[in-house]
Structures are given as C-alpha cells and as structure tokens.
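To start, the structure itself, in structure tokens.
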Amino acid sequence: MDGHFVPNLTIGPPIIQSLRNHVGQDVFLDCHLMIENPQNWIIPFQKAGASQLTLHIETLGDNAKEIIKSVREKGMKVGVAIKPNTPADVLLPIINDIDLALVMTVEPGFGGQKFNSSTIPKVKFLREKAPKLNIQVDGGLDEETVKVAAEAGANVIVAGSSIFSSKNPGQTI
C-alpha cells in the first residue's frame, strides 16, 4: 500500500528481505502490491526475495502484458487483482499470462471490512474461463464466507482480521 492507490502505507521491500532472510528460500512470499506504478517496484521486490507479485489491473493500464512479462523475466510468478467494482472480464486478455487472479472481496487498503458477496459471481466467471488458474479472494473472509468463496471456485484464501482477532487463531485457521 503506497498511500496513493489506497490511503494506507504498509510494508515494502526491506520487510520482505527481512522475512526472506528469516524464513529461507523454501517459503513462498506472495507480495500483493496495492500501489500506483508497480513497474517501478519489480526489481526492488525481486531483490528482496519476493516469490510472486500480485498487481492491481487498475494500475497496469495499457502496459499490463509488458509489466507481467517484466515480472516473469525477474523469475517471479505473477498475480493480478481486481477491486470489487472492476469487472472480471478485464482479466480475459491476460488470463493465460498470469499464475493467479485475485478478486478483492472488500475495497483494498483497510482490514476488518465486511465481505462483499456481490464479488462472488466474478469468482465463478473466472473459474469457468480458467479452470486451472489459482483464484484468490481477499477481504472479509471468515469461517462462513470462506465456504461461499470456495464453492464459487476460489482455491487461495487470504484471511487476516478473522484470524488475528480470533480468540483461538489456530482453530480459526
């Protein structure tokens, strides 16, 4: 988060490098970049040890294929995210170029938001168009909403607040 694409600021390459140094090379680090001009951050995140960059389609503009290629050339996997109000079909021109499609189930930038069920048809649409693609959902996921997302076709789940605010995080996971 860069304080521009979303209003908050968060961790960047130095934290990723610290994590990589701590966890070693075998741990997969998916870095979801909620930032403008993500092409400026490919090399810093690659050098820091990111395994995958997940970028927002809303920030890629007409350069989506070129930016995806740049990420791949640096040896990382590529995910592309869409915000709740972005139609899923914007991913169709690049769907065969990515490793993961992320459907944001809340507006990016703030934890603890309520799950937006109107995003579920996007998950179903993407699963129909790309049966083998990893489809991730992020935002408002808890023990009930994760079932809805999985039934729609999501196979990668991001759950933050529901785990960290749980009285028993291990059981919640």
Side-chain angles (χ1 to χ4, degrees), residues 1-8 10 28-39 41 50-72 76-166 169 171-173:
M1 293 186 254
D2 64 359
H4 298 279
F5 181 67
V6 296
N8 276 336
T10 192
F28 190 84
L29 297 178
D30 175 9
C31 301
H32 178 185
L33 305 186
M34 293 180 256
I35 60 174
E36 294 177 356
N37 302 309
Q39 65 276 11
W41 292 94
S51 307
Q52 174 171 289
L53 295 184
T54 299
L55 315 169
H56 275 264
I57 192 71
E58 299 87 358
T59 67
L60 300 179
D62 295 334
N63 299 321
K65 283 192 176 268
E66 181 181 312
I67 294 170
I68 289 166
K69 182 180 176 190
S70 295
V71 173
R72 286 210 183 285
M76 295 176 285
K77 292 189 175 201
V78 152
V80 176
I82 57 172
K83 293 170 67 172
N85 291 326
T86 301
D89 63 358
V90 301
L91 296 178
L92 292 180
I94 59 166
I95 204 156
N96 293 321
D97 302 322
I98 61 176
D99 300 292
L100 175 137
L102 166 54
V103 176
M104 293 297 300
T105 50
V106 299
E107 282 299 320
F110 294 97
Q113 296 178 64
K114 187 177 181 209
F115 180 79
N116 181 344
S117 61
S118 71
T119 59
I120 290 302
K122 295 176 189 188
V123 175
K124 289 180 181 178
F125 173 82
L126 291 169
R127 179 55 63 217
E128 289 170 5
K129 297 295 182 185
K132 295 181 180 179
L133 182 66
N134 280 326
I135 300 175
Q136 183 178 66
V137 287
D138 182 357
L141 290 142
D142 59 27
E143 293 178 50
E144 295 305 313
T145 57
V146 73
K147 293 174 190 173
V148 173
E151 288 172 3
N155 65 320
V156 181
I157 308 295
V158 175
S161 297
S162 65
I163 293 171
F164 293 114
S165 65
S166 173
Q171 183 179 352
T172 301
I173 292 171

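Computed from a predicted model, the values in this text were never measured in an experiment.
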* Structure fact -> Between D97 and R72 the two heavy atoms that sit nearest each other are O-NH2, 2.9 Å
* To do: Taking all heavy atoms of A50 and all of C31, pick out the closest pair and write down the distance.
  => CB-SG, 3.7 Å
* Taking all atoms of both residues into account, what is the closest heavy-atom pair of S117 and P121, and its distance? -> O-CD, 3.9 Å
* To do: Taking the side chain as every heavy atom from C-beta outward, state whether R127 and N155 have any pair of such atoms under 4.5 Å apart.
  => yes
* Structure fact -> Interatomic distance, CG@L133 vs CG@N96, rounded to 0.5 Å, equals 9.0 Å
* Decide yes or no for L100 and T54: does some side-chain heavy atom of the first lie under 4.5 Å from some side-chain heavy atom of the second? => yes
* **Whether S162 side chain and L141 backbone form a donor-acceptor pair below 3.5 Å** => yes
* H56: which of K83, E36, H32 passes side chain to side chain donor-acceptor pair (under 3.5 Å) -> H32
* **Note, K77 side chain near F28 side chain (heavy atom, < 4.5 Å)** => yes
* Between CD1 of I135 and NZ of K122, what distance do you get to the nearest 0.5 Å? -> 13.0 Å
* To do: For I95 and L126, run side chain to side chain contact (heavy atoms under 4.5 Å, CB included): C-alpha distance rounded to whole Å, both residues' side-chain angles, the deciding distance at 0.1 Å, then the answer.
  => CA-CA 9 Å; I95 204 156; L126 291 169; 4.0 Å; yes
* Quick one: pull up CG in L92 and CZ in F125 and give me the separation to the nearest 0.5 Å. => 4.0 Å
* Asked: Given I57 and I94, is the side chain to side chain contact (heavy atoms under 4.5 Å, CB included) satisfied, shown in steps?
  -> CA-CA 10 Å; I57 192 71; I94 59 166; 3.9 Å; yes
* With L55 as reference, evaluate V71, I68, L102, I98 under the side-chain contact (heavy atoms from CB on, under 4.5 Å) test and give the passing residue. => V71
* Asked: Quick one: does T119's side chain have a donor or acceptor within less than 3.5 Å of a partner on T105's backbone?
  -> no
* Asked: Are any side-chain N or O atoms of K129 and backbone N or O atoms of D89, one a donor and one an acceptor, separated by less than 3.5 Å?
  -> no
* To do: Kindly give the heavy-atom pair with the smallest separation between A154 and V123, and that separation in Å.
  => N-CG1, 3.5 Å
* Without hydrogens or angle criteria, can the side chains of Q39 and S70 be said to hold a donor-acceptor pair below 3.5 Å? -> no
* Without swapping roles, check the side chain of D99 against the backbone of G79 for a donor-acceptor pair under 3.5 Å. => no
* To do: Give a yes or no answer on whether the side chain of N116 reaches the backbone of V106 with a donor-acceptor pair at less than 3.5 Å.
  => no
* Asked: How far does CD1 of I67 sit from OG1 of T59, to the nearest 0.5 angstrom?
  -> 7.0 Å
* **Over all atoms of both residues, closest heavy-atom pair of P84 and M104** => CG-O, 3.5 Å
* **Straight-line distance of W41 CH2 to L33 CG, nearest 0.5 Å** => 9.5 Å
* Distance in Å, Q52 CD paired with Q136 CD, rounded so as to fall on 0.5 Å steps -> 7.5 Å
